[in-house]
Amino acid sequence: MTTAPARSKTPALPRSWWWGFLPFAAASAVHIGARAVEATDIAEPTKLTLMPLLAAAALWGGRSLFGGPAGRKLPPVLLLAALFFSWIGDGAAAFFPSAPELPVMLGSFGLAHLCYIWLLARYAAAGPFPRWALVFPLWWVLMLLVLWPTLGGLAFAVAAYGIVLAGTAATAARCRPMAAAGGLLFLASDTVLAGRIFLPEQMPDWTSPLVMLTYCAGQGLIVAGALRTWGNAR
């Protein structure tokens, strides 16, 4: 006598899992548009809504995946921690007006990337590092060669941040295409931002909205890709 294999009682992603991303997408569009037309009075407050809305999207989409055994509780903690530290980085000037903005940004986003690396490597990886991921160490070396003369006292902090930024992109490359694309876009966003901060005379005005376009898309794709991976695994 044979018996059918037991089905998992853990449901996959609900069909409406992506609905939670709509408010994030709308806020992102408003913010990027405000950046494009230099409407600072709209761009600054909307920037602080982005990561909380993405966290809400993650909780909505993953509501059937999180919980249960303790082993399944760490992924949402890491995901929300990454978004929280990203939010602190986004609002560094507003949250810490008396502190130098750039070091706070580097520290906050550095912690966010460490959370992403742990999350993606442990809970979302779909295979080994692809060969094309060798581009990330090369990117790090080239960025330092270009920026080093202008970094001053921030040289080693920027170098360390570059390692974890490239680490997120490389770790995401082991994941499904959606998360891998998100890692690449996050890397692209910070690459353009570095140019705007340290080589401002060489960066045209349209790179300002480009920073946030690639940033929002990158963060959103990493989160959505992780949810899709966990949902498929169920």
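What you see is a predicted model; the values in this text were computed from it and never measured.
- L145 has its side chain within reach of V141: a pair of non-hydrogen atoms, C-beta onward, lies under 4.5 Å apart.
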> So L74 and W118, side-chain contact (heavy atoms from CB on, under 4.5 Å) or not? Walk me through it.
Replying inline: CA-CA 10 Å; L74 186 55; W118 186 357; 3.8 Å; yes
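- A single hydrophobic cluster is not seen to contain both V211 and V30; linkage of ILVMFWY side chains at heavy-atom distances under 4.5 Å, directly or through other members, places them apart.
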> Checking side chain to side chain donor-acceptor pair (under 3.5 Å) for the pair R196/T207: CA distance, chi angles, key distance, verdict?
Replying inline: CA-CA 8 Å; R196 289 189 58 81; T207 56; 2.8 Å; yes
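- Counting only heavy atoms from C-beta outward, the side chains of L79 and Y116 approach each other to under 4.5 Å.
- A cation-pi geometry, defined here as NZ or CZ lying under 6.0 Å from the six-membered ring centre and within 45° of its normal, does not hold between R228 and W230.
- Within the 3.5 Å criterion, the main-chain N or O of T229 finds no donor-acceptor partner in the side chain of R176.
- In terms of heavy atoms, T214 sits closest to A188 at OG1-C, 4.4 Å.
- When side chains are defined from C-beta on, L54 counts as touching F21, because their heavy atoms get closer than 4.5 Å.
- Using a 4.5 Å cut-off between side-chain heavy atoms of Ile, Leu, Val, Met, Phe, Trp and Tyr, with links allowed through other members, L80 and L65 fall into different hydrophobic clusters.
- Q219 is listed as a side-chain neighbour of F186, based on a closest heavy-atom distance under 4.5 Å.
- The shortest side-chain heavy-atom distance between L199 and V146 falls under the 4.5 Å cut-off.
- No continuous path of ILVMFWY side-chain contacts below 4.5 Å connects M178 to V223, so the two sit in separate hydrophobic clusters.
- A pairwise comparison of heavy atoms in L48 and W87 identifies O-NE1, 2.9 Å as the closest pair.
- No side-chain heavy atom of V104 sits less than 4.5 Å from a side-chain heavy atom of F109.
- Partners of S28 according to the side chain to side chain donor-acceptor pair (under 3.5 Å) rule, which considers only residues two or more places apart in sequence or in another chain, do not exist here.
- A distance of 5.5 Å separates CZ in F96 from CD1 in I88, rounded to the nearest 0.5 Å.
- Follow the hydrophobic side-chain contacts under 4.5 Å out from L151 and you reach I163 in the same cluster.
- Once rounded to the nearest 0.5 Å, the distance linking CG of L59 with CG of L227 reads 9.5 Å.
- The same ILVMFWY cluster, assembled from side-chain heavy atoms under 4.5 Å apart, contains both L187 and I197.
- Of all heavy-atom pairs spanning G61 and L13, the tightest one is O-CD2, 3.1 Å.
- For F85 and H113, the distance between ring centers is not under 6.0 angstrom.
- In the model, R63 has a side-chain atom that pairs as donor or acceptor with a side-chain atom of S16 under 3.5 Å.
- Taking SG of C216 as the reference point, atom CG of L50 lies at 4.5 Å (rounded to 0.5 Å).
- In this structure, CG in L138 is found 9.0 Å from CG in L134, a value given to the nearest 0.5 Å.
- Contact record, G183 with A169: O-CB, 3.7 Å, taken as the closest heavy-atom pair.
- The CG atom of L83 sits 11.0 Å away from the CG atom of L78 when rounded to the nearest 0.5 Å.
- Here L213 contributes atom CG and L185 contributes atom CG; the two are 8.0 Å apart, rounded to the nearest 0.5 Å.
- Between the side chain of W17 and the backbone N or O of A58, no donor-acceptor pair lies under 3.5 Å.
- Side chains of D190 and Y215: no donor on one and acceptor on the other come within 3.5 Å.
- Partner L193 forms a side chain to side chain contact (heavy atoms under 4.5 Å, CB included) with one of M212, M105, M203 and no other, that one being M105.
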>> Working note: W140 + V135, criterion side-chain contact (heavy atoms from CB on, under 4.5 Å); need CA distance, chi angles, decisive distance, verdict.
In response: CA-CA 9 Å; W140 182 76; V135 71; over 6 Å; no
> Which is it for F136 and T168 under the side-chain contact (heavy atoms from CB on, under 4.5 Å) test, yes or no, and what are the steps along the way?
Replying inline: CA-CA 10 Å; F136 298 121; T168 294; over 6 Å; no
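- In terms of heavy atoms, A121 sits closest to T171 at N-CG2, 3.4 Å.
- In this structure, S208 contributes its side chain and D205 its backbone to no donor-acceptor pair below 3.5 Å.
- P45 and T40 make their closest contact through CD-O, 4.0 Å (heavy atoms, listed as atom of the first residue, atom of the second, distance).
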> What do the steps show when you test F198 against W148 for ring pair (Phe, Tyr, Trp, His ring centres under 6.0 Å), and what is the final call?
Replying inline: CA-CA 9 Å; F198 297 108; W148 195 267; over 10 Å; no
